[in-house]
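Working notes, structure below.
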Amino acid sequence: MKKRGMNCFFAHSLSTLLTMGGFVISMIACGIGQMGWCKPLAIVLAVLGIGGMAAGAAVGYGFIVCPHCGRLLYDFQRIPSKIPTYCPHCGEYIEEPDI
């Protein structure tokens, strides 16, 4: 299988940031909409929040892969809360690269 370019640790951090940020923005939009302050703003924020959550899921499902064999590091339904120490497919040790 072909290796992908993005570091799995960076992809995991980016996925978490986008997903949680999108969730928070969606909740703010929900609060604004419920209070009746500015419905158009609430709709725009809700769309942005849902887009952020979708982008986070896409990054997570697409780029959290083993740096050695290129296979996925998670079960299909769930993005992992942390990167495993060893690849479940090839058994290679996965360590975070120095920046």
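Nothing here was measured: the structure is a model prediction, and the numbers come from that model.
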Tell me if a side-chain donor or acceptor on H68 pairs with a main-chain N or O of Y93 at a distance below 3.5 Å. yes
In terms of heavy-atom contacts, I64 and A11 come closest through CG1-CB, 4.3 Å
For I32 and A42 the tightest heavy-atom approach is CG2-CB, 4.0 Å
One should read off an interatomic distance between H12 NE2 and T16 OG1, to the nearest 0.5 angstrom, of 4.5 Å
One should read off an interatomic distance between L48 CG and I43 CD1, to the nearest 0.5 angstrom, of 12.0 Å
Next on the checklist: Could you walk me through whether H89 and C66 satisfy the side-chain contact (heavy atoms from CB on, under 4.5 Å) test, starting with their C-alpha distance in whole Å, then the side-chain angles of each, then the deciding distance to 0.1 Å, before giving a yes or no?
Outcome noted: CA-CA 9 Å; H89 305 289; C66 175; over 6 Å; no
In one Ile/Leu/Val/Met/Phe/Trp/Tyr side-chain cluster, 4.5 Å: V47, L45 | no
When every non-hydrogen atom of M53 is compared with those of S26, the smallest separation belongs to CE-OG, 3.7 Å
For the side chain of S15 and the backbone of A57, is there at least one donor-acceptor N/O pair under 3.5 Å apart? no
Between the CG atom in N7 and the CD1 atom in I83, the distance rounded to the nearest 0.5 Å is 8.5 Å
*Please step through side-chain contact (heavy atoms from CB on, under 4.5 Å) for the pair M20 and V24, ending with a clear verdict.*
CA-CA 6 Å; M20 292 301 139; V24 169; 5.6 Å; no
Closest heavy-atom pair, L73 versus P88, reported as atoms and distance to 0.1 Å, is CD2-CD, 3.8 Å
request  = Please check if atom CZ in F9 has more than 12 non-hydrogen atoms from other residues, nucleotides or ligands closer than 6.0 Å.
outcome  = yes
What one should report as the nearest heavy-atom pair of I94 and C87 is CD1-N, 3.7 Å
In this structure, CG of L72 is separated from CZ of F63 (nearest 0.5 Å) by 11.5 Å
